[in-house]
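Side chains are part of it too, since the values below use all heavy atoms of this structure and drop only hydrogens, waters and symmetry mates. What you see is a predicted model, and the numbers here were worked out from it, not measured in a lab.
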Amino acid sequence: MKWGVMILAAGEATRMGKAKMLLPFKKTTILAHLIEEITLVEPNIIQLVTGYYHDLIQAQISTDKVDIIQNPHYSLGMSSSIQVGLTAMIKACPDLDFLVIVVSDQPYLNQSILLRLLTKQQQTAKGIIASSYNGIKGTPVLLSSAYFSHLYNLTGDKGARVILQQFPDDIATIEFENGALDIDTPEDYELLCKKINEEDVD
């Protein structure tokens, strides 16, 4: 089985007003933490799709374990980043069986979540394994190669959730505690920092 992880980090982060994926998190940044966790599970390929903050990210992320792919069309939305990334990933790994799509603003993503996605797929043989939190199915999400063509059909600022809605019978889920905690605004980041401080006290 060959599988890859695509980290989406191409957006402008307009509500945050800065590169939210590069904000401090624990002893590193949110993005560096995600890469560390993903590296631990040893996928065949790890890809980081950049856009608006490409130069800034490239200057801070120095690892030979990650392919950085710049999406020049990031303003067209998430779908274009997925498509640019997938094209490059398939070129690098033509016999890819599964793709896991990760967003760069879920700081509590860890290796355990990724391993549970893979395990659930092996247990259920479903083509889509989604993370579940707050009553929704979302990222990180694993898709089999059967759904790659559907990723190419996405338009605008739409991600894999559209495919989840189209194929509900081929989905299994895992629980992702803290999955709903994503960082879109300064207030979100303040809550994250408060949560980290409380965890350190505990």
Side-chain angles (χ1 to χ4, degrees), residues 1-10 20-23 25-50 57-58 60-69 78 81-82 84-133 137-148 151 159-161 163-164 170-183 192 196 199:
M1 181 186 80
K2 289 192 176 182
W3 68 291
V5 177
M6 180 190 296
I7 310 168
L8 298 176
K20 59 185 180 179
M21 69 291 289
L22 298 177
L23 290 169
F25 178 64
K26 298 187 176 180
K27 294 181 180 180
T28 182
T29 64
I30 294 173
L31 181 56
H33 167 75
L34 292 179
I35 291 172
E36 286 175 10
E37 292 293 320
I38 292 166
T39 301
L40 289 172
V41 296
E42 300 182 338
N44 295 92
I45 183 170
I46 303 172
Q47 182 188 80
L48 175 62
V49 183
T50 63
I57 291 172
Q58 191 171 48
Q60 291 200 29
I61 300 300
S62 56
T63 173
D64 57 1
K65 296 181 179 179
V66 178
D67 293 340
I68 298 179
I69 306 296
M78 187 183 295
S81 292
I82 291 173
V84 166
L86 184 58
T87 297
M89 188 174 284
I90 291 174
K91 184 177 181 180
C93 191
D95 50 351
L96 199 70
D97 298 301
F98 298 100
L99 169 66
V100 176
I101 297 177
V102 170
V103 292
S104 59
D105 62 354
Q106 283 182 312
Y108 281 95
L109 174 69
N110 57 37
Q111 59 177 312
S112 173
I113 299 295
L114 296 169
L115 289 172
R116 282 195 279 138
L117 288 172
L118 293 170
T119 300
K120 180 67 80 167
Q121 197 287 320
Q122 292 166 356
Q123 291 171 342
T124 64
K126 295 288 189 180
I128 304 171
I129 312 296
S131 300
S132 176
Y133 40 86
K137 299 180 182 72
T139 54
V141 58
L142 178 151
L143 300 106
S144 77
S145 57
Y147 290 99
F148 291 176
L151 291 172
R161 192 167 296 171
I163 298 172
L164 270 61
D170 197 24
I171 298 174
T173 61
I174 62 161
E175 289 295 323
F176 179 8
E177 186 181 358
N178 295 321
L181 203 166
D182 56 6
I183 310 302
L192 174 64
I196 293 170
E199 290 170 349

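The backbone N or O of G127 sits less than 3.5 Å from a side-chain atom of D170, completing a donor-acceptor pair. Between the side chain of R116 and the backbone N or O of S131, no donor-acceptor pair lies under 3.5 Å. Although no hydrogens or angles enter the test, the distance criterion places no donor-acceptor pair under 3.5 Å between the side chain of Q111 and the main chain of L40. In terms of modelled atom types and a separation under 3.5 Å, the side chain of T139 and the main chain of V141 share no donor-acceptor contact. Within the 3.5 Å criterion, the main-chain N or O of L8 finds a donor-acceptor partner in the side chain of S104.
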One pair to check against side-chain contact (heavy atoms from CB on, under 4.5 Å): I196 and F25. What are the steps and the verdict?
CA-CA 9 Å; I196 293 170; F25 178 64; 3.4 Å; yes
Run I113 and I174 through side-chain contact (heavy atoms from CB on, under 4.5 Å) and show every step you take.
CA-CA 8 Å; I113 299 295; I174 62 161; 3.9 Å; yes
Step-by-step side-chain contact (heavy atoms from CB on, under 4.5 Å) determination, L114 to V100
CA-CA 8 Å; L114 296 169; V100 176; 4.0 Å; yes
Identify each donor-acceptor pair in which a side-chain atom of residues 89-96 lies under 3.5 Å from a protein atom, sequence neighbours left out, and give them as a table.
unit_1, atom_1, unit_2, atom_2, d
D95, OD2, K2, NZ, 3.3

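Put simply, the residue from L117, I45, V41 that forms a side-chain contact (heavy atoms from CB on, under 4.5 Å) with W3 is V41.
Shortest non-hydrogen contact noted between A130 and L164 is CB-CD2, 3.6 Å. Here the shortest heavy-atom pairing between D97 and M1 reads OD2-CA, 3.3 Å. Across all non-hydrogen atoms, the minimal contact from I61 to I68 is O-CD1, 4.2 Å. Annotation for F98 and F148: closest pair C-CZ, 4.3 Å, computed over non-hydrogen atoms. Closest non-hydrogen pair, Y108 versus F176, comes out as O-CE1, 3.5 Å.
Side-chain contact between I7 and Q47 is absent, with no heavy-atom pair separated by less than 4.5 Å. A 4.5 Å side-chain heavy-atom check between I171 and T173 finds at least one atom pair inside the cut-off. Between L22 and L31, the closest side-chain pair of non-hydrogen atoms falls below 4.5 Å. Side-chain contact between I46 and I35 is absent, with no heavy-atom pair separated by less than 4.5 Å. Looking at heavy atoms from C-beta onward, I101 lies in side-chain contact with L151 at the 4.5 angstrom threshold.
From I57, atom CD1 reaches atom OG1 of T29 across 9.5 Å, with rounding to the nearest 0.5 Å. For the atom pair CD1 of I38 and CE of M6, the computed distance is 11.5 Å after rounding to the nearest 0.5 Å. Distance check: L109 CG to L181 CG gives 12.5 Å after rounding to the nearest 0.5 Å. Residue S132 holds its OG atom at 6.5 Å from NZ of K137, rounded to the nearest 0.5 Å. Atoms CG and NZ, on L142 and K126 in that order, are 14.0 Å from each other to the nearest 0.5 Å. Atom CD1 of I128 is separated from atom OH of Y147 by 4.0 Å, given to the nearest 0.5 angstrom.
N178 and Y133 share no donor-acceptor pair across their side chains, judged by distance under 3.5 Å alone.
Considering only residues two or more places apart in sequence or on other chains, D182 meets the side-chain contact (heavy atoms from CB on, under 4.5 Å) condition with D105, Q106, D184. Residues satisfying the side-chain contact (heavy atoms from CB on, under 4.5 Å) criterion with L23, sequence neighbours excluded, are M16, K18, K20, I30, I183, Y189.
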